[in-house]
Enquirer: 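One structure is given below, represented as structure tokens, and several questions about it will come after.
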There are 2 protein chains.
Amino acid sequence: MPSTKESIIHLADEFIRSRGYTAFSYADISKPLGIKNAAVHYHYPSKSDLAVALVEWHIDHFERFKEKNESKSPADQIKTFLNFYHSIHLSGKVCLIGAFSTDWNSINEDTQGLLRTFTNLVIDWLSEVLQKGLDTGAFNFANAPRAEALRVLTNIFAAAQLSRITDSQDFILVKESIIRELTK
Amino acid sequence: MPSTKESIIHLADEFIRSRGYTAFSYADISKPLGIKNAAVHYHYPSKSDLAVALVEWHIDHFERFKEKNESKSPADQIKTFLNFYHSIHLSGKVCLIGAFSTDWNSINEDTQGLLRTFTNLVIDWLSEVLQKGLDTGAFNFANAPRAEALRVLTNIFAAAQLSRITDSQDFILVKESIIRELTK
DNA sequence: GTCTATATTCCGATAGAC
DNA sequence: GTCTATCGGAATATAGAC
């Protein structure tokens, strides 16, 4: 049974990644929980406190993701990562990085700083996994590890965004071509 | 000398691509023009009228972009396209597709439909140019044209978003690796 | 920890004068 | 085409009771 504080974070995550940071209100969160506006402010005094807590939640979540998958092969780790984005796509939302990157000038400096930390965590992890796959012969690419990590990350998170506009098939096309390119 | 109506579109474009659709107000537009709130509503009665007009402006702009570059080689057309995104990156903004894709659930159906038209215009143009480059031997890739177009587009527009969070160098890394991959 | 009540500001939008 | 004036509502946020 999640606490009210956890439920608030969960709903904020839903709204921020489906509509955007500026587009949701404390009322959007309090209503489905059956509580009042002021109760949400008790847990997170300001909207930016909520934004910071959300990024912290994603950092924790990603650390657990890394641990849970560290024994897998590089190819399986990348596939699991891409499958995570596939579930984002199916939910009709975008990822935290994509959402906050377009909301960049609407979030405060604390949130920006923590988001930078989180984003580099993801890029660094991707770089390491890709490098390992290159060493073991599972992957084949000519870029520097960070450049290759950036290409995989930008491909997949933008595919989740773009396929909202065009077609679900476009997400599949991108996802499959990433795997094909890496393993060719 | 731009008309008020044109200046409004220009400012809306600035705000939507730097902050997001929900994050700007009619007051943001009227103030720098030295006019009142109500004058903006005269030209664009509702905010969604403004959003529709902005997408129409980008469609017109892209059609002119295509005509102006149609005599270039496929490699130069792609480079011009990537340079356009480079200027977006330098301005600290994101592209219209990136901005509205995360604002998707905050824009009305008319805007969504027109944005879908615009996005497919861009993807179709990229597909054609890439295919032509493949035919002439300028490019080398194994994907279907649309899949390759999607990879280029998602790479470059997400690089503009991601480099807001991390570092300007990350945009350069992605841009250069796109060209390198295509021409290798 | 949640409530009622409220302060304050801003929002998109409209009516009617000029 | 722009103005003044204003409406109705929603936003973030706080004070103080329970």
Side-chain angles (χ1 to χ4, degrees), chain A residues 1-55 57 99-100 102-112, chain B residues 1-57 99-100 102-112 114:
Chain A
M1 187 84 169
S3 66
T4 301
K5 194 161 184 169
E6 287 166 340
S7 300
I8 291 170
I9 285 286
H10 180 252
L11 281 166
D13 184 58
E14 294 269 319
F15 288 128
I16 286 173
R17 296 193 298 109
S18 79
R19 291 190 222 156
Y21 177 69
T22 45
F24 88 95
S25 71
Y26 271 48
D28 292 327
I29 287 179
S30 61
K31 271 181 203 162
L33 292 179
I35 58 176
K36 298 295 174 184
N37 191 352
V40 182
H41 278 284
Y42 167 80
H43 294 285
Y44 301 98
S46 77
K47 207 178 173 181
S48 55
D49 293 324
L50 193 43
V52 165
L54 179 59
V55 183
W57 185 91
F100 272 150
T102 59
D103 287 333
W104 187 250
N105 292 321
S106 302
I107 59 180
N108 73 349
E109 285 186 16
D110 286 352
T111 312
Q112 288 180 343
Chain B
M1 186 80 169
S3 66
T4 301
K5 193 160 184 169
E6 288 165 340
S7 300
I8 291 170
I9 285 286
H10 180 252
L11 282 166
D13 184 57
E14 294 268 320
F15 289 128
I16 286 173
R17 294 193 299 109
S18 78
R19 289 190 225 156
Y21 177 69
T22 46
F24 88 96
S25 71
Y26 271 49
D28 292 328
I29 287 179
S30 61
K31 271 180 201 162
L33 293 177
I35 59 178
K36 297 296 174 184
N37 190 350
V40 182
H41 278 284
Y42 167 80
H43 294 286
Y44 300 98
S46 76
K47 208 178 173 183
S48 54
D49 293 324
L50 193 43
V52 165
L54 179 58
V55 183
E56 283 170 347
W57 185 91
F100 272 150
T102 58
D103 286 333
W104 187 249
N105 292 322
S106 303
I107 60 180
N108 72 350
E109 284 186 16
D110 286 353
T111 311
Q112 288 180 344
L114 214 55

Enquirer: Has B:Ser3 got a side-chain atom pairing as donor or acceptor with B:Glu6's backbone, closer than 3.5 angstrom?
Expert: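 Yes, because the side chain of B:Ser3 sits within donor-acceptor range (under 3.5 Å) of the backbone of B:Glu6.
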Enquirer: Out of D:dT4, D:dT2, C:dG1, which nucleotide sits closest to the side chain of A:Tyr42?
Expert: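 Nearest to the side-chain atoms of A:Tyr42, counting from C-beta on, is C:dG1.
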Enquirer: Just how far, in rounded Å, is P of D:dG1 from OH of B:Tyr44?
Expert: 11 Å
Enquirer: Between C:dA13 atom C1' and B:His43 atom NE2, what is the distance in whole Å?
Expert: 16 Å
Enquirer: Any side-chain donor paired with an acceptor under 3.5 Å for A:Thr111 and A:Asn108?
Expert: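 Indeed, the side chains of A:Thr111 and A:Asn108 share at least one donor-acceptor pair under 3.5 Å.
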Enquirer: Any side-chain N or O of A:Thr4 less than 4.0 Å from the OP1 or OP2 oxygen of C:dG1?
Expert: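 Checking A:Thr4 against C:dG1: no side-chain N or O falls below 4.0 Å of OP1 or OP2.
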Enquirer: I'd like to know if the side chain of B:Asn37 reaches the main chain of B:Ala27, judged simply by a donor and an acceptor atom lying under 3.5 Å from each other, with no hydrogens or angles considered.
Expert: no
Enquirer: Send over the distance from A:Ile29 CD1 to D:dA13 P, rounded to a whole Å.
Expert: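 Between P of D:dA13 and CD1 of A:Ile29: 12 Å.
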Enquirer: If the threshold is 4.0 Å, N to carboxylate O, is there a salt bridge linking A:Asp28 and A:Arg19?
Expert: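 Yes, this pair counts.
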Enquirer: Provide, to the nearest angstrom, the distance between the CD atom belonging to B:Glu6 and the P atom belonging to D:dG1.
Expert: 12 Å
Enquirer: What integer distance in Å separates B:Lys5:NZ from D:dT2:C1'?
Expert: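 The answer, rounded to whole Å, is 15 Å.
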Enquirer: Using a cut-off of 6.0 Å, state whether more than 12 heavy atoms not belonging to A:His41 lie near its atom NE2.
Expert: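 Buried by this count: over 12 neighbours within 6.0 Å.
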Enquirer: Contacts to DNA chain C from residues 11-27 of chain A, heavy-atom cutoff under 4.0 Å, which residues?
Expert: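 Contacting residues: none.
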Enquirer: Do A:Thr22 and B:Thr22 have side-chain N/O donor and acceptor atoms under 3.5 Å apart?
Expert: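 Their side chains do contain a donor-acceptor pair, which is all the 3.5 Å distance test asks for.
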Enquirer: Check the distance between D:dC18's C1' and A:Lys36's NZ and give it to me in whole angstrom.
Expert: 16 Å
Enquirer: If only atom types and distance count, is the side chain of A:Lys47 paired as donor or acceptor with the main-chain N or O of A:Phe24 below 3.5 Å?
Expert: yes
Enquirer: Categorize B:Lys47 for me: base, sugar-phosphate, or nothing, with a 4.0 angstrom heavy-atom threshold over every strand shown.
Expert: sugar-phosphate
Enquirer: Mind calculating the distance between CG (B:Leu33) and P (D:dC3) to the nearest angstrom?
Expert: 10 Å
Enquirer: Would you tabulate the pairs of protein nitrogen or oxygen atoms and nucleotide nitrogen or oxygen atoms of nucleotides 14-17 of chain D closer than 3.5 angstrom?
Expert:
none

Enquirer: Centre of A:Tyr44's six-membered ring, under 6.0 Å away, within 45 degrees of the axis: is that where NZ or CZ of A:Lys5 sits?
Expert: yes
Enquirer: Tell me, with the steps shown, if B:Ser46 and B:Asp49 meet side-chain hydrogen bond (donor to acceptor under 3.5 Å, both in side chains).
Expert: CA-CA 5 Å; B:Ser46 76; B:Asp49 293 324; 3.1 Å; yes
